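In what follows, a single structure is set out as structure tokens and then discussed.
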Amino acid sequence: MQGLNRVFAIAALAVLPGLPLAQQAADAVAPEAATGQDAIWPGLSDAARTALRAKAAGRPVEAQDWMIAAANPLAVEAGAKVLEQGGTAADAMVAVQAVLGLVEPQSSGLGGGAFLIWYDAATGQVTTLDGRETAPLSVTPQLFQDDAGEPLKFFDAVVGGLSVGTPGTPALLAEAQGRWGNRPWPGLFTDAIRLAESGFKVSPRLAALVAGDRDRLARFDATAGYFLPGGAPVEAGQILRNPAYAEVLKSISDQGVAVFYSGEVARDVTQVVQTAPGNPGQLSPLDLAIYRVIERDPVCVDYRGYDVCGMGPPSSGGLAVGQILGLLRPYDLAALGPENSESWRLIGDASRLAFADRGRYVADSDFLPVPIEGMVDSEYLNNRSKLLGGDDALPEVAPGDPTFDHALNWADDEAIEFPSTSHISIVDGYGNAMSMTTTIENAFGSRLMVRGFLLNNELTDFSFRTHRDGRPIANAVAPGKRPRSSMAPTIVLKDGKPVLVIGSPGGSRIIGYVAEAIIAHIDWGMDVQQAVAMGHLVNRFGTYDVEEGSPAATLAAPLEAMGYEVKARALNSGLHAIAIGEGLRGGADPRREGIAIGR
Ligand code: GLY
């Protein structure tokens, strides 16, 4: 056993006597799925039950032909069925997303947006698709400011119509499946429609989140009627039916996503946004009618002989993960090991440097010049990595000066991102690999519900201020612009072939979760389940977040001694990863309800 898992396992020994060390490390982050599974997930397939047991024991799921990992067993089963029938990863993704929108509605769905990275086995090409939401054409720079030009309080902006961007997820499903699918489109919605009509058991996670958010959910009749029937939050194990969602899926499965963007669904979505009580928004039928998925170049960075490929702007995910890894190239993390606070000084300060660049330069590159190549240029990163050469925490961190053929006179961004979102990783029987992170932004998004699905609050990923000290902020809102994201769907390749498919929810901490799991796998030799279960240490802006209740907290004191402010807190990633080698190995984050299934 290597690295931090060993240290964490040692720390956990006192409370978990007699368990294998890897299992102790995994159990130390309180796997939700380890308790009462029969009651929570009745009728699961044998494969799903095996997967739940493997996750609880801290073991990866192993397979030969295909593998799928996502945030809810019912959704994973729907995708697994498609793969079993010979469907591709793109087909399976549609089935998974359709079920996630029902059983994990707080995180992603038809009303949100997503980014997808695809490795095509036939051509060897890596493609990324941008299904991010867009700002309505009628927005002004003052969208999230009060009459005095001051930023609104976060939840005043989030809850209601103001924060709703044009959903991109339905178009992304159609685009990906149209390019890479081989199954008939209507069949991909069968499980979701059946579950929506006959009902599904509310999961403990959904029930807990509904109870915690009841005041906001209660503000809108349709939302309250679904999540708070009779005024009380739905409970874990309760059967919940969603006939409105079944109907919208039937329309999309019969008529395609045009019905969402220009038909009766578009009419209802815009009407709900524009008439939201207390906080109406501006989304119009035209915004939906002109929505387009955009193919973009992947951002790929070399890390110890691997190509780590991710999503470019408007996501900051690929650039920030790439910068963190690029800055760490000169340092021998494998020799230091994961139990060493020196490793975490290097990782934490590399992350701070990446976040400084992200805050200054990264936004929707269709609206402003972003120095994408300069930010991951080897010479730039090598020079900047010299800043990590000391012994203690960097006292100050500032953006760098990447080479670029435009003036870069931006002020730093101040968007707030709260952790929500979901991640799907799939490898199909043809060797294609897909990593997709999908979101409605905050848990339950804008809290507005229409036709059985929630609408996003993605526009609050823009900076609420447009300027600072007279200089413009790159991630300011503009008509048609896509808000900067942190989503980091990632495929790692070796010699042109995929070896790791990974991603996570978690707001701007996504970047740290993904970078650390890649380091754990590549430098510290952890298998995918160990890598996703490892206790988190994340530093974005100076404060070192360490995962409370996990063995990672044992590093708090040495990090404080290096000069970091340290905060122990829950760090609810939702990493789903597949390693591709002799066979396939799948890992599902023990902090959430997901599993990996393979054959
Ligand atoms: N709303 C979360 C993200 O896009 O990063």
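Counting starts at 1 for both ligands and their atoms, following the listed order. This one's a predicted model, so the numbers in the text were calculated from it and none came from an experiment.
- Interface of E458 with ligand 1, defined as ligand atoms under 4.0 Å from a residue heavy atom, comprises 1 (N), 2 (C), 4 (O).
- Remark: distances from the non-hydrogen atoms of R132 to ligand 1 include one below 4.0 Å.
- For atom 5 (O) of ligand 1, the choice among S508, S486, G507 with the nearest heavy atom turns out to be S486.
- For ligand 1 and D461, the ligand atoms under 4.0 Å from any heavy atom of the residue are 1 (N), 2 (C), 3 (C), 4 (O).
- Considering backbone and side-chain N/O atoms, R484 never comes within less than 3.5 Å of an N/O atom of ligand 1.
- A search for side chain to side chain donor-acceptor pair (under 3.5 Å) contacts involving D307 returns nothing, not counting sequence neighbours.
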Inset, instruction - Determine, step by step, whether T437 and F115 satisfy the side-chain contact (heavy atoms from CB on, under 4.5 Å) criterion, reporting the C-alpha distance in whole Å, the side-chain angles of both residues, the deciding distance to 0.1 Å, and the verdict. - result: CA-CA 6 Å; T437 312; F115 294 113; 5.6 Å; no

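- The ring of F541 has its center closer than 6.0 angstrom to the ring center of F355.
- With D461 as the partner, the side-chain hydrogen bond (donor to acceptor under 3.5 Å, both in side chains) test is satisfied by one option alone out of R482, R484, R132: R132.
- Contact atoms of ligand 1 toward M487: 3 (C), 4 (O), 5 (O) (distance under 4.0 Å to a heavy atom of the residue).
- Under the 6.0 Å cut-off for aromatic ring centres, F444 and F220 do not qualify, their centroids lying 6.0 Å or more apart.
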